[in-house]
Every structure is written in structure tokens, then in C-alpha cells.
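In what follows, chains carry the letters A, B, and so on, assigned in the order in which the sequence lines appear, proteins first and then strands, with residues in each chain numbered from 1.
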Protein chains: 2
Amino acid sequence: MVGLEGSRDVAWRAFITAHALVIERIERELADAGLPPLGWYDVLLELSVAPGRRLRMHELARAVVLSRSGLTRLVDRLERASLLRREPDPADRRGSFAVLTDEGAAVRERMWPVYARGIAEHFGKHLGDEEVEVLTGALKRVLGAAREV
Amino acid sequence: MVGLEGSRDVAWRAFITAHALVIERIERELADAGLPPLGWYDVLLELSVAPGRRLRMHELARAVVLSRSGLTRLVDRLERASLLRREPDPADRRGSFAVLTDEGAAVRERMWPVYARGIAEHFGKHLGDEEVEVLTGALKRVLGAAREV
DNA sequence: ATACACTAGTTGCTAATGCAACAAAAAAAG
DNA sequence: CTTTTTTTGTTGCATTAGCAACTAGTGTAT
């Protein structure tokens, strides 16, 4: 018995390997274009769509699937680059908001074309419309279940 | 324009977020069971199914989607744990094989039940049979394309 | 009110990863 | 052949991530 005989295990293997390969390609394309890595994009995007362009640190950590300490450091880097700033939460003196700056929004907008091209070229291009629907539905279910725990 | 409006971009977002969450869960379950991390499993599995239980370093790096330097260090750790050993390649004096040991095979077999349960619980359980087929087909296409480059 | 438990965020530490540079060998070009 | 280019694997270095421990503030129970 060597593991991975079941059809779900084969799907899993395809899932993680495709992920690793495509991320590797896209990260390289961003780096080659002189742009920040994907982790930065995730933070900037979450802040972009958040009300008031701000999120509490723990909300942001959860949104981008990072440990609290990992997020502290990531936000440090983004703050040093002036792409966001920390602001105290008047309603809870323990916590702070991460607030998107205009410069942060601008950087996200400069990243998006490169990122979008990578997604299309290495991912979207190879999927039929029907497959996209199935994939989205299935993975959102997986995602929802994993978030609940 | 905030990015991620197209249906393929939504699918991509679900893809990477589901990946991050499920991997996080499974890594924790392995750690809680006192077992090595997923990266070790990948190496042990590739060697298990390779002819002669051996692969050249660069083949292994490609198989587990890791940089050459990353693989050098990962193999260092596995070799220190006696789960594999390096052997020179008589046909090419630059290179070496990574060869699975019996102990390495045994450790992989001890990891598999925990890993399999994680895959089922956090991934497979939420997918219908039809979805599994679509997912596998689609992702294998993505994977093949990314490998070609 | 006071004690107790929990949550938020940061820090020190360690582990893991990629890039660039390197040495050695092989392969290709001439 | 001899020279040049490429491949293979390792190393130094810098970056990034998580865990455990800590501080500070909040919430809850008695």
C-alpha cells in the first residue's frame, strides 16, 4: 500500500501539486516585474474591499490565512513601505486596525495586471466554463468547512 | 476595479484559500500526532514509487516542486533521520541518488493514516464523485501545462 | 468589587526556503 | 582533441513563517 489510490487522494495530489507549480510561476513573474510578492497582494486586496479600507489585525490574519505573529511581521513590512498604517481601535485599546493607504491601493493596482495575467495563463486558460463553476462550488464548500473549525 | 471579478479569478481565490486552510489543518494534525511535516511525506512517497526506490536529486526536486537548494536541505534532514541515504551515481559523477531506507518506508506508512484522514476530513468529504472527476481532470491539465514551461 | 479566564498583538527563537555564487563534471561546438 | 556551455549539487546569505512566552486590556463569575 503506497497511499493515494483512492480517486479523492488522486484529486488531492493534483490539487497540491498544481498549486505549488502555479504559485511558483506567478511569484517569479511578479518578482521579474519588480513587484512585491503574493502575500502583499492578499493583504492589500482584503483591505481594499473592507469597509473603511481597514481591518483589525486578527481579522486580517484570518482573512489571509496567516498566524498572528506572521501577520504582525507582514504588516510591519507593508507599513515600512507606506502601503498601510496602523491605527488604534478606540473601542478596544488592545487592538489596532491596519488601514490601507492611497499608496497601498496604487501598488495593488499595479500588481493586478501581472497577477491577473499569471492567473489566466497558468490557471484559467486550461479550464472550461463548466469546470470553473464546478471548481468554485466545490472549493468554496471545502473552504467553508475548514473555516468553521 | 478591485481585481477578482471574473469567474476564473473567483475560482482562483477559492483555490488558493482552500489550499492554505486545508494544509494548515493537516500540518497541525501531523504535528499533534508526533509525525514529520508534509514535505517529508512528499519525498518519501516519490521515492517509494520510484524504480529502485531511488531518484536523482534534480528529479526529486522537480517531483516535489522545490528549488535545488531547498531540496538539498530537506534531503539533509531526512538523511540525518535515516529515512533515506545518498548514493553516488556511477553513471554521472556529479550527481547522487536519494535512496529510500526501510525506516523511511516505515515512517511513510505511519504517516499515511493520519494524512489520509486529514485529506478525507478536510477535502474529500466535501466533494461529490462527479466533482472529484472534474477537479482531477482540470487540475491535471493545469499541472501539465505548468510543468512544460 | 475582585478574581479569573480569555483575547489581541508583539517579540525571541528556531526552522524552512529561495537566490546567487561556486566547484566539479558532462555535453556540445569548433 | 580543445574550448565553451550547460548541468548537478552544495553553500552563504537574507527572507519569511510559526510556536511559545509575554504584556495589556477585556469580559465573566461569584
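Close to D:dC19, at under 4.0 Å from its OP1 or OP2, lies a side-chain N or O of B:R28. For C:dA16, one of the phosphate oxygens OP1 or OP2 lies less than 4.0 angstrom from a side-chain nitrogen or oxygen of B:R77. Dashed line: the shortest gap from a side-chain N or O of A:R73 to OP1 or OP2 of D:dT15 is not under 4.0 Å. Dashed line: the shortest gap from a side-chain N or O of A:R68 to OP1 or OP2 of C:dT10 is not under 4.0 Å. Contact annotation: B:H58 side-chain N/O to D:dG9 OP1/OP2 distance is under 4.0 Å. A sub-4.0 Å separation between OP1 or OP2 of D:dG9 and a side-chain N or O of B:R56 is present.
Comparing atom distances between the A:R94 side chain and each of D:dT26, D:dT8, C:dT17 picks out D:dT26 as nearest.
The local environment of CZ in B:R28 is sparse, with at most 12 non-hydrogen atoms from other residues, nucleotides or ligands closer than 6.0 Å.
Side-chain atoms of B:E131 and B:H126 include no donor-acceptor pair closer than 3.5 Å.
Both B:A91 and B:S69 lie close to DNA chain C; mapped to their nearest nucleotides by heavy-atom distance, the more 5′-ward contact belongs to B:S69. Positionally, the nearest nucleotide of DNA chain D for B:S96 lies more toward the 5' end than for the other of A:P37 and B:S96. Positionally, the nearest nucleotide of DNA chain D for A:L66 lies more toward the 5' end than for the other of A:D92 and A:L66.
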